[in-house]
J.: 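I have a structure here, written as structure tokens, and I will follow up with some questions on it.
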Amino acid sequence: MTDNNYTLILASASPRRIELLGAAGFNPVVKPASISEELPFPMKPETAVMYLALSKGMAVAEEITGKPYDSVRDWPPPGKGLKIIAADTVVVHEGRIIGKPEDKKQAFEILAALRGTSHNVITGCCVITVEAGSPIETASKECFYEDTRVFFTDYSDEELMAYVNTDEPYDKAGGYAIQETFGKYVDHYEGDYDNVIGLPLTRLKKYL
């Protein structure tokens, strides 16, 4: 568990990440990052997710440490440091990063391309530690990525159309969540299940 000398912050509003941390016994303050997710130059997916996770974490660290203490709920109490968790998850198929579908047509096209094949779910994580009373410039930054390979069954157009007519695909990289209804079309996976949900807890706990 997190040392009592630190306040744990999650730089994400993802309900899936909040649920994963809660199930593991963590109760972070949720403070989503607001950054541009445009990459400054082309990067490999593994590098891109770590870059974006670090950018999110640092944005939240700078926002918190640059503002006065307001309340225990929103800001760390005096004398406590910060541990900020930030993450970014992408789906990669045939070398191409697949984001969140914007509409039914795009969701159908994405999932039609993924059926009967495998893809990789890659999550970059960064834990930024700011010691109590220390400037943000001295913060330590631990970043890593986790890569899980997911294999889909060969579902039909009719099954796919029924799914894209629900609300599920549109806030998720790749248009699906393994733990929700589309999980029945996962044949098997190789690697960390929690990583596919959005947070590789097994490795993350080592930094908390």
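Note: hydrogens, waters and symmetry copies are ignored here, and every other heavy atom, side chains too, is used. Quick caveat, the model's predicted, so the values are computed rather than measured.
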J.: Parallel under 30°, tilted from 30 to 60°, perpendicular over 60°: which one fits the rings of F144 and Y207?
T.: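 Aromatic pair F144/Y207 classed parallel.
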
J.: Between F182 and L160, is there a side-chain heavy-atom distance shorter than 4.5 Å?
T.: yes

J.: Indicate if V196 and L111 have the same hydrophobic cluster label, given that clusters are the connected sets of ILVMFWY residues with side-chain heavy-atom separations under 4.5 angstrom.
T.: yes

J.: If only side-chain N and O atoms count, and only distance matters, is there a donor-acceptor pair under 3.5 Å linking T153 with D187?
T.: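 Checked: D187/T153 side chains show no N/O donor-acceptor pair below 3.5 Å.
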
J.: What is the ring orientation for Y176 with H119, classed by angle as parallel under 30°, tilted 30 to 60°, or perpendicular over 60°?
T.: perpendicular

J.: Whether R16 and D194 form a salt bridge (side-chain N of Lys/Arg under 4.0 Å from carboxylate O of Asp/Glu) is what I want to check.
T.: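 No salt bridge links D194 with R16.
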
J.: Grouping I, L, V, M, F, W and Y whenever their side-chain heavy atoms are under 4.5 Å apart, do V92 and V150 come out in a common cluster?
T.: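 The answer is no; the residues belong to distinct hydrophobic clusters.
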
J.: Give a yes or no on whether a salt bridge exists between K100 and D171, defined as a side-chain N under 4.0 angstrom from a carboxylate O.
T.: no

J.: Looking at E180 and A177, would you say the former's side chain and the latter's main chain have a donor-acceptor pair under 3.5 Å?
T.: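 No.
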
J.: Measure the CD1-NZ distance between I64 and K31 for me, rounded to the nearest 0.5 Å.
T.: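 Those atoms lie 6.0 Å apart.
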
J.: Mark yes when over 12 heavy atoms from residues, nucleotides or ligands other than N165 sit less than 6.0 Å from its CG; otherwise mark no.
T.: yes

J.: Does R17 use its side chain to pair, donor to acceptor, with the backbone of G198 at less than 3.5 Å?
T.: yes

J.: Between CD1 of I84 and CE of M58, what distance do you get to the nearest 0.5 Å?
T.: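 Separation between the atoms: 8.0 Å.
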
J.: Starting at CG of L208, measure out to CD1 of I85 and round the result to the nearest 0.5 Å.
T.: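 Output value for this atom pair is 4.5 Å.
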
J.: Side-chain heavy atoms nearer than 4.5 Å, only ILVMFWY residues, links allowed to pass through others: does that put V91 and L52 together?
T.: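 No; L52 is not reachable from V91 via cluster members.
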
J.: Answer yes if the ring centres of F108 and Y163 are under 6.0 angstrom apart, and no otherwise.
T.: no

J.: With clusters defined by side-chain heavy atoms of hydrophobic residues (ILVMFWY) lying less than 4.5 Å apart, directly or transitively, does V127 cluster with L8?
T.: yes

J.: Taking all atoms of both residues into account, what is the closest heavy-atom pair of A139 and V130, and its distance?
T.: CB-CG2, 3.8 Å

J.: CD of E63 to CD1 of I9: how many Å apart, nearest 0.5 Å?
T.: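 Result: 10.5 Å between the selected atoms.
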
J.: Which heavy atom of A61 sits nearest a heavy atom of I136, and at what distance?
T.: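 Minimum heavy-atom contact is CB-CD1, 3.3 Å.
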
J.: Could you go through the side-chain hydrogen bond (donor to acceptor under 3.5 Å, both in side chains) check for D192 and T148 one step at a time?
T.: CA-CA 6 Å; D192 186 335; T148 304; 5.6 Å; no

J.: Which heavy-atom pair separates L21 from P28 by the least distance, and what is that distance?
T.: CD1-CG, 3.9 Å

J.: Between the main-chain N or O of M43 and the side-chain N or O of T47, is there a donor-acceptor pair closer than 3.5 Å?
T.: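 Not confirmed, T47 side chain does not pair with M43 backbone.
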
J.: Hey, are the side chains of L10 and I18 touching, using non-hydrogen atoms and a 4.5 Å cut-off?
T.: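 Heavy-atom side-chain distance check passes, below 4.5 Å.
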
J.: Quick one: do E142 and K206 make a salt bridge, cutoff under 4.0 Å?
T.: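 No, no charged N to carboxylate O under 4.0 Å.
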
J.: Give a yes or no answer on whether the side chain of Q106 reaches the backbone of E102 with a donor-acceptor pair at less than 3.5 Å.
T.: yes

J.: For L114 and H93, what are the C-alpha separation, side-chain angles and deciding distance, and is it a side chain to side chain contact (heavy atoms under 4.5 Å, CB included)?
T.: CA-CA 7 Å; L114 295 180; H93 181 240; 3.5 Å; yes

J.: Report the C-alpha distance between Y189 and F151 in whole Å, list the side-chain angles of each, state the deciding distance to 0.1 Å, and finish with yes or no for ring pair (Phe, Tyr, Trp, His ring centres under 6.0 Å).
T.: CA-CA 6 Å; Y189 62 90; F151 297 76; 9.6 Å; no

J.: Tell me whether Y170 contacts the main-chain N or O of V164 through its side chain, where contact means a donor paired with an acceptor under 3.5 Å.
T.: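 Checked: pair present.
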
J.: Looking only at heavy atoms, which two atoms of A48 and L39 are closest? And how far apart?
T.: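 Shortest heavy-atom contact: CB-CD1, 3.8 Å.
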
J.: Evaluate the ring pair (Phe, Tyr, Trp, His ring centres under 6.0 Å) criterion for residues Y185 and F152: first the C-alpha distance (whole Å), next the side-chain angles of each, then the deciding distance (0.1 Å), finally the verdict.
T.: CA-CA 6 Å; Y185 299 118; F152 276 164; 8.0 Å; no

J.: Looking only at non-hydrogen atoms, find the nearest pair between I110 and P101 and report the distance.
T.: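 So the minimum-distance heavy-atom pair works out to CD1-CB, 4.0 Å.
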
J.: Is a donor on one side and an acceptor on the other found under 3.5 Å between the side chain of K56 and the backbone of A87?
T.: yes

J.: Taking 4.0 angstrom as the limit, do E168 and K172 come out as a salt bridge?
T.: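 Looking at E168 and K172, the cut-off is not met.
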
J.: Give the intermediate values and the outcome of side chain to side chain contact (heavy atoms under 4.5 Å, CB included) for residues V90 and I98.
T.: CA-CA 7 Å; V90 297; I98 300 172; over 6 Å; no

J.: Can you tell me how far apart CG (L20) and CG (L199) are? Round to the nearest 0.5 Å.
T.: 6.0 Å

J.: So how far is it from L82 CG to Y6 OH, rounded to the nearest 0.5 Å?
T.: 10.0 Å

J.: In terms of hydrophobic clustering (I, L, V, M, F, W, Y; side-chain heavy atoms under 4.5 Å; direct or indirect links), are I128 and I35 co-clustered?
T.: no

J.: State, to 0.1 Å, how close V121 and N195 come at their nearest heavy-atom pair, and which atoms those are.
T.: O-ND2, 3.0 Å

J.: May I ask you to test the T89-I197 pair for a side-chain heavy-atom distance under 4.5 Å?
T.: no

J.: Taking the side chain as every heavy atom from C-beta outward, state whether I178 and Y193 have any atom pair closer than 4.5 Å.
T.: yes

J.: For the side chain of D88 and the backbone of M50, is there at least one donor-acceptor N/O pair under 3.5 Å apart?
T.: no

J.: Starting from the C-alpha separation in whole Å, work towards a yes-or-no answer on disulfide (SG to SG under 2.5 Å) for C143 and C126.
T.: CA-CA 4 Å; C143 298; C126 283; 2.0 Å; yes

